[in-house]
Protein chains: 2
Amino acid sequence: MVQSIDPGQAFPARCDYHSGCRERLLSAAESLCRESGTSLTANRRAVLDILSESHHSLGAYDILERMDAGAGRRPGPAAVYRALEFLSGLGLVHRLGSRNSWFACSRPGEHRGRSQYWICANCGVVGETESEEIAQILPELALSMAFRLDRVSIEIEGECRGCQLQIKG
Amino acid sequence: MVQSIDPGQAFPARCDYHSGCRERLLSAAESLCRESGTSLTANRRAVLDILSESHHSLGAYDILERMDAGAGRRPGPAAVYRALEFLSGLGLVHRLGSRNSWFACSRPGEHRGRSQYWICANCGVVGETESEEIAQILPELALSMAFRLDRVSIEIEGECRGCQLQIKG
DNA sequence: CGGCAAGTGCTATAATATATCATTCCACGA
DNA sequence: TCGTGGAATGATATATTATAGCACTTGCCG
C-alpha cells in the first residue's frame, strides 16, 4: 500500500451530516491557533462553521450570505476574505483556483500542502487524497530543475462514484 | 530516465526572445484548427500572439490592453475570453487558477492535460513538465476511488533557478 | 490611565468573468 | 447572383470575485 490514506475512503460521503469531520476541524483549529499564538475569533469561527457544514466548496459571497443567518447583520466581503486567508494559512480551509471557491480541509493539521483535491463536477463535493508518490516526485522534479518549491496545488475535476451510479442507474 | 521531457530543459529561459516556441505554437495552432474544422481567426491569433511573446502568464485584461497596440480600436473583454476559451480548448494556452491568469503552452499538441506548471513567484515565468509517474498515478488513484477523472491541474509555485541565483549572488 | 497590536466595520473600488442580443462575414447551394 | 445558415464578433451591460484604506474597538501590558 503506497497511500497514506485509503483512497476508498478519500471521497467523502455525499451526505452533509457527516460525523467527525466538523469536530476534528474545530479541535484542529483550536490547537493550531494555540500553537501559533493566534485566536479563533467569532468571524473566523463563523466562516469555518459554514464551510464545515458540508464537503462542498463555496464561493466567498456564498459564505457571506450565510453569515447573517444567526445574527441580524452581515459583515462586508473583506471580513470573509480575511477569515479565509487566516484559515487557509493554518491549512484549515483550501481554495480551489479552478473555481474560485473554498472548502474545509478533511485532514486538518496533517500533510500540509501535499493533498490532491478531487472535485465532483456534478454534486460539487471535494475529496482529498495524499499520495506518497506525488509527495516524493514533485520535490525530485523541482530539484532537477533547481526550482525552489513553495506551494503545490493539484485539482482534479471529474465525477464521483455516487453521481456516476445515480446518473447511470 | 522517467521523464518524457528533460526537466533541466523544462523551465524556459528568462529571455522573451526565445526562439522556436512561437513558431511551434503557431504551427500547432494551424494544424489543430485544420484537424478540428475550426479556424484561427484574427482575434484568436492576436491573443495567441500576445501570449506567445513570453513565457509569462498574463491576466485577461492585460491581454486586452495589448490588443490595441497595432489596430486603433480595442475589443471588449468578451472577445478576449472567447479567444482564451477557444485556445485553451485546443490546449494552446492554459489558465492558472491560482492566479487567474493565462499563458501559452510550451508543448502544444503533446500530452494534453498531463502537464505540471511551475510558476516563478519572482519573475512570473511559467515552465511545464510532463511527469510519467504522475500521469500514471492519478488515473490509478481515480480508479481506486471509482472517480471519473476529466481534467487535472497541477500548479507549483516557487522560485526558478535564474531568480535564485540573481537574488543570492 | 496610556499606548500598542490585532482584529473588525465600513465604504469604495479594483479585477476578473459572463450574459444578451444585434451585426458581420463567409462558405455553400439554389 | 442571390439568399441562407452558421460561426464569430461587436457592443453594452452586468455579475462575480477580491482588495484597499482608514477609522474604530478591544484587550493586553506597562
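The analysis underlying the following values was restricted to heavy atoms, covering all of them including side chains, and did not include hydrogens, waters or symmetry mates. A, B, ... follow the sequence lines: proteins, then strands. Residue 1 opens every chain.
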Transitive ILVMFWY side-chain link B:W102 to B:V126, under 4.5 Å = no

Out of curiosity, does B:Y117 fall in the hydrophobic cluster containing B:L58 (side-chain heavy atoms, cut-off under 4.5 Å, transitive links)?
-> no

In whole angstrom, what separates [X]'s [atom1] from [N]'s [atom2]?
X	N	atom1	atom2	answer
A:D62	D:dA15	CG	P	16 Å
B:L84	C:dT16	CG	C1'	12 Å
B:Y81	D:dA11	OH	P	19 Å
A:N100	D:dA18	CG	C1'	9 Å
B:M67	D:dT9	CE	C1'	11 Å

Ignoring hydrogens and geometry beyond distance, is a side-chain donor-acceptor pair present between [X] and [Y] at under 3.5 Å?
X	Y	result
B:S98	B:E155	yes
A:T129	A:S131	no
A:T41	A:S39	no

Qualifying residue for side chain to side chain contact (heavy atoms under 4.5 Å, CB included) with B:S106, from B:E128, B:E130, B:H94 | B:E128

Residues in salt bridge (Lys or Arg N to Asp or Glu O under 4.0 Å) with A:E85, at least two apart?
-> none

Counting primed atoms, P, OP1 and OP2 as sugar-phosphate and everything else as base, the B/S/- map of nucleotides 25-30 of chain D against protein heavy atoms under 4.0 Å is ------

Each nucleotide of nucleotides 3-13 of chain C classed B (base within 4.0 Å of a protein heavy atom), S (only sugar-phosphate) or -, in 5' to 3' order, makes ----SBBB---

Is the shortest distance from a Lys or Arg side-chain nitrogen in B:E65 or B:R74 to a carboxylate oxygen in the other one below 4.0 Å?
-> no

Just call it for B:R99: base, sugar-phosphate, or nothing, with non-hydrogen atoms closer than 4.0 Å on any strand.
-> nothing

